[in-house]
Amino acid sequence: MKTLLNIIWLVLAGLWLALGYVAAGIVCCVLIVTIPFGIASFRIAGYALWPFGRTVVDKPTAGAWSTIGNVIWVLVAGIWLAIGHVITAIPLFVSIIGIPLGIANLKLIPVSLLPLGKEIVPSDAPYPTYRH
């Protein structure tokens with residue numbers, strides 16, 4: 001079922017959202033200081049392409065720099081990416097088959113606003129043991 005939802009998601013919303021994250025990542029990689037933002041954006045682009053079967057968790061090692069970076073991210077790119085999620089979620093909610101996709105789209109908003117200090121892991125992985 002996850003694969004079917006991911007394929008439908010990819011066609012209806014995932015490709016466009018991932019392109020937005022890739023564009024933000026390219027812009028962020030222009031300056032050396034903002035490369036961590038670009039890496040986070042590319043990581044989320046992969047998640048936006050194929051979200052079902054994966055989840056976002058807090059990184060226990062994230063510190064104050066992640067918080068400061070997230071504030072900058074929200075102002076520069078996060079708000080625009082979150083608006084993109086809302087805009088793509090609205091038409092998904094119109095059809096019955098799109099409702100789970102719309103919900104998934106709205107679940108991506110927190111990570112689009114605050115990507116630093118987050119990690120994308122398989123949903124079936126137990127939280128404490130997925131790290132090596």
Exercise. Residues two or more places apart in sequence or in another chain: which of them pass side chain to side chain donor-acceptor pair (under 3.5 Å) with Thr55?
Worked result: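 In terms of side chain to side chain donor-acceptor pair (under 3.5 Å), with neighbours along the sequence ignored, Thr55 is linked to no residue.
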For this session: Quick one: which residue pairs count as a side chain to side chain donor-acceptor pair (under 3.5 Å) with a foot in residues 32-43, not counting sequence neighbours?
Result: none
Problem set entry | Minimal non-hydrogen separation, Pro115 against Ser112, with atom names | CD-O, 4.2 Å
Exercise. Which value, rounded to the nearest 0.5 Å, describes the distance between Thr88 atom OG1 and Asn105 atom CG?
Worked result: 3.5 Å
For this session: Determine the minimum heavy-atom distance between Cys28 and Gly38, stating which atoms define it.
Result: CB-N, 3.4 Å
Problem set entry | By side-chain contact (heavy atoms from CB on, under 4.5 Å) - contacts of Ile79 (at least two apart) |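 Only Ile83 meet the side-chain contact (heavy atoms from CB on, under 4.5 Å) criterion with Ile79.
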Can you give each donor-acceptor pair under 3.5 Å made by side-chain atoms of residues 7-21, sequence neighbours left out, with the distance rounded to 0.1 Å?
from  : atom 1 : to    : atom 2 : distance (Å)
Trp9  : NE1    : Ala48 : O      : 2.5
Tyr21 : OH     : His85 : NE2    : 2.7

Exercise. So which heavy atom on Ile120 is nearest to which on Ile44, and how close?
Worked result: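 That closest heavy-atom pairing would be CD1-CA, 4.3 Å.
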Problem set entry | Members sharing Val22's hydrophobic cluster (side chains within less than 4.5 Å) |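 Traced through the cluster, Val22 reaches Ile26, Phe42.
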Exercise. How is the hydrophobic cluster of Leu106 composed, in terms of its other members, when Ile, Leu, Val, Met, Phe, Trp and Tyr link through side-chain heavy atoms under 4.5 Å apart, directly or indirectly?
Worked result: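 Traced through the cluster, Leu106 reaches Val74, Val86, Ile90, Phe93, Ile99, Ile103, Ile109, Leu113, Leu114.
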Exercise. Just wondering, more than 12 heavy atoms not from Ile96 lying within 6.0 Å of its CD1?
Worked result: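 Atom CD1 in Ile96 is not crowded, with 12 or fewer foreign heavy atoms closer than 6.0 Å.
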For this session: Give the other cluster members for Val33, using side-chain heavy-atom distances under 4.5 Å between Ile, Leu, Val, Met, Phe, Trp and Tyr residues; answer none if it is isolated.
Result: none
Problem set entry | Of all pairs that satisfy side chain to side chain donor-acceptor pair (under 3.5 Å), the ones with a partner from residues 23-32, not counting sequence neighbours |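 Counting only pairs at least two positions apart or across chains, no side chain to side chain donor-acceptor pair (under 3.5 Å) contact touches residues 23-32.
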Exercise. Got a sec, which pairs hit ring pair (Phe, Tyr, Trp, His ring centres under 6.0 Å) with one end in residues 61-82, sequence neighbours left out?
Worked result: none
Exercise. Between Ile72 and Phe37, does a side chain to side chain contact (heavy atoms under 4.5 Å, CB included) hold up when you go through it step by step?
Worked result: CA-CA 9 Å; Ile72 295 168; Phe37 300 123; 4.2 Å; yes
